[in-house]
Amino acid sequence: MSNTMNDETSIGTLMAEQVERLLSREVTRERLIAVEQGTFDTPLWQALEEMGITLALAPESAAGAGLSWQDAEPTLRAAGSWAAPVPLGESLLATWALGSVGLEIPEGPIAVAEGVFRLDHNQHISGTDALVPWIQHCQHLVVVAEQSGQRFVCLLNRDEVSLETVETFARIPSSRVVASGATPVAIAAADNIIGELGLLPALATLRTVQIAGVLDRLLALCVEYGNTREQFGRPIGKFQAIQHLIADMAAQTAAAQVAGLYACRQIDKGNGEYGAAIAKARGGLAATRGAEAAHQIFGAMGFTDEHILHYYSRRLWQWRDEAGSEHWWAERLGRRVLAQSGDELWRGISG
Amino acid sequence: MTSPFTFKPLEIPEELTPLRLRVRDFLKDIGKDWSGWKVGHSWTGFDKEFSRAVGAEGWIGMTWPKQYGGGERSHLERFVVVEEMLAVGAPLGAHWFGDRQSGPLLLRLGTEQQRQRFLPEIVRGNATFCIGLSEPNAGSDLAAIKSRAKKVHGGWRLSGTKIWTTNAQHSDLMIGLFRTGTGDEKLKHQGLSQFLIDMKSSGIDVRPIRDLTGEAHFNEIFFDDVFVPADMLVGVEGDGWSQATSELAFERSQPDRFMSCFPVLPPLIDDIRQQGNIDRLSARKIGATLADLVILREMSLSVLGQLAEGHAPAQEAALVKDLGNSHEQQIPNLVRELADCQATIERGNRLSELQGFLTQNVPSYSLRGGTREILRGIIAKGLGLR
């Protein structure tokens, strides 16, 4: 490992610790409620901007920190673990995409569309995305559009597309987005950086890392509850049944963490689609199992509106389905495996 | 950070590809006649001739110092060799326990004389080791063991019973855990010591236990006043508990904890293709299995990197084994779901033989090397459950 890499790793870790401190202080239940009711958390967003976090993945030429995905992973995970009610991950992804094709980065939070749109010969963009989180609060949207097999990263002004509010598990303000001949603010070819699935692999990577973050947090909450909640005259964590639920949560949390980091590393290596497929296929399962276990441990209290648990479990249910569910990605992976003889399976794994 | 775990990534560099291909060629040749039933045994399968051939290639004790016959190769090189062997279900049993566990223990805690005498024999594939831990009344509650070592002139006298010892009937040596201190119930983790025991000593009676597969893999071993010379004590008298448990991060995190059923996957894929069964169900199930495996491999590599740096990631290792055992135990169910297996074991049909053996053998995976219940207890306590 070179010195530069070590330095970058420590910048990534320091950044994550900074974010962690901020979010643990700022993200209260009241602010989560306010965001779910449609108010943008401007103070939190501004605090993150002032810390320089929102440009972590953007190149230094664009005033960013130029971190790799691997180095940014702890920050993305920290944002997930506090259910940060701002489009931090989306904006990081958007600025990474814009920066990597040399486009100028606009101010403010940026939303991301996961589907691939069409670019016509007059440089107009058309397409639909069934779900774009945070778009109501973002002046800009990044989409990938295709023209004759070539892909372009496009920056759109929100006013160029039509929005229709959609309902989601996470209750983060989200819309269906329709572009019909929209004129982009800026556009650049991206064939070497963006594959046929557009920004979907990067979004799936982001969701997996966020899932890992939520699971970290839920695991800590469950351990704390196991040690303090008493029934039958002793903390419920003394019961083997509870210990095993928590141990399984721990295993799912660890798997999601490794999956998210794996996908980040694959993006850095230019192998983002395979990494995302592996990671989301595993991370989605971890989200399912982790939410189940946490709800079982917290009992009826955890099922109430008053309890904090559902702010995390609803995000797990949201993010496991967004950017391709574990089943969708598994099918893609499986079809690739089944297209070749059985002997190729191990060669594919071992490289 | 909020995470209680550390999984720093470790990559296998491209420079190791020639080694991988060499192992692959070796296996292709030596394993061309292995039946499905045989490869189902994987790392517990006993084949001394094979182990000697592996030893001749320099693939046992790969990371050990040259002065003891080792190869002074990296842990990653060993990982590559091991995973290639597991991918084809090679019969590693005659050298696996020495290579994975007993050799490293002797390197760490053995006397110079013990190392010089035993390590080169492990490296050549000559000395087969077994691990004597469980007893009839001390299974998961390992610290309840009662077998005793009594100090006598020039050494020790062992008496008691060990059980569930894999391949003891074929082994030359055992590393056994015996009680050397007083039997104070409150201090049951103290006063235990590890011994190197020559399995040919008089007073040892090995009785293979036939298991549900119809074969005998593990054994019950009776010690009737067995003499062990003083210089066969391993490490420090009375430190046996911490010595034995400190090996566990090595034992619990390697690919043998998630690849035991891997050899059935290639014939399963070929069957799905031949029967024209490529559909959403088969694709999703195969894809999910692949994803699970890739992530387990990443976890295992990460633990390996931490061990090589001198850390003891016991929690992470326990997580790998727990997740890994669940992964491998589900594979016979996957085969049933996707391949329409008949209710017969058809000899000569690779898929059917593998499925036949694995279906019957997988219950042991979450028992051997620490039961699922014990591992989950370790994980929960490690997280801070009081």
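Chain identifiers are assigned alphabetically (A, B, ...) following the order of the sequence lines, protein sequences preceding nucleic acid strands; residue numbering begins at 1 within each chain.
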Polar side chain donor-acceptor pair, B:E83 to A:S350, under 3.5 angstrom: no
Inter-residue atom distance A:H327.NE2 - B:K285.NZ, 0.5 Å rounding: 9.0 Å
Spacing of CD1 belonging to B:I286 relative to CZ belonging to A:R336, to within rounding of 0.5 Å: 14.5 Å
Below 4.5 Å, heavy-atom pairs only: which of [options] has the largest tally toward chain A?
options: B:G384, B:A380, B:S302, B:P9; result: B:P9
options: B:A288, B:P266, B:P267; result: B:P266
options: B:R20, B:K381, B:E14, B:E316; result: B:R20
options: B:G377, B:A87, B:S282, B:A283; result: B:A283
options: B:L281, B:T17, B:D279, B:L296; result: B:D279

Would you call [X] and [Y] a side-chain contact if the rule is heavy atoms closer than 4.5 Å?
X: B:R376; Y: A:I246; result: no
X: B:D270; Y: A:S341; result: yes
X: B:F7; Y: A:L261; result: no
X: A:R335; Y: B:R280; result: yes

B:R297 (side chain) donor-acceptor with A:I349 (main chain) under 3.5 angstrom: yes
Quick one: what part of [X] sits under 4.5 Å from any heavy atom of chain A, side chain, backbone, both or neither?
X: B:S326; value: neither
X: B:Q315; value: neither
X: B:R386; value: both

Within 6.0 angstrom of B:K28 NZ, more than 12 heavy atoms from elsewhere: no
NZ/NE/NH1/NH2 to OD/OE distance under 4.0 Å, B:E298 and A:R282: no
How close do [X] and [Y] get, heavy atom to heavy atom, and via which atoms?
X: B:M299; Y: A:A254; answer: CE-CB, 3.7 Å
X: A:A250; Y: B:L319; answer: C-CD2, 3.9 Å
X: B:I295; Y: A:A259; answer: CD1-CA, 3.6 Å
X: A:A281; Y: B:A291; answer: CB-CB, 3.6 Å
X: A:D216; Y: B:P4; answer: OD1-CD, 4.3 Å
X: A:W346; Y: B:E84; answer: NE1-OE2, 2.9 Å

So which of [options] has the biggest tally of heavy-atom pairs under 4.5 Å with chain B?
options: A:V258, A:L338, A:L333; result: A:L338
options: A:G348, A:G226, A:G237, A:A255; result: A:A255
options: A:E326, A:Q240, A:R265, A:E344; result: A:R265
options: A:L245, A:V223, A:I242; result: A:V223
options: A:L285, A:I278, A:N227; result: A:N227

Contact class of A:Y225 relative to chain B, heavy atoms under 4.5 angstrom: neither
Given B:I272, B:L290, B:L265, B:T289, the one that forms side chain to side chain contact (heavy atoms under 4.5 Å, CB included) with A:V337: B:L290
Name of the residue among B:I378, B:I379, B:L385, B:L383 meeting side chain to side chain contact (heavy atoms under 4.5 Å, CB included) with A:Q243: B:L385
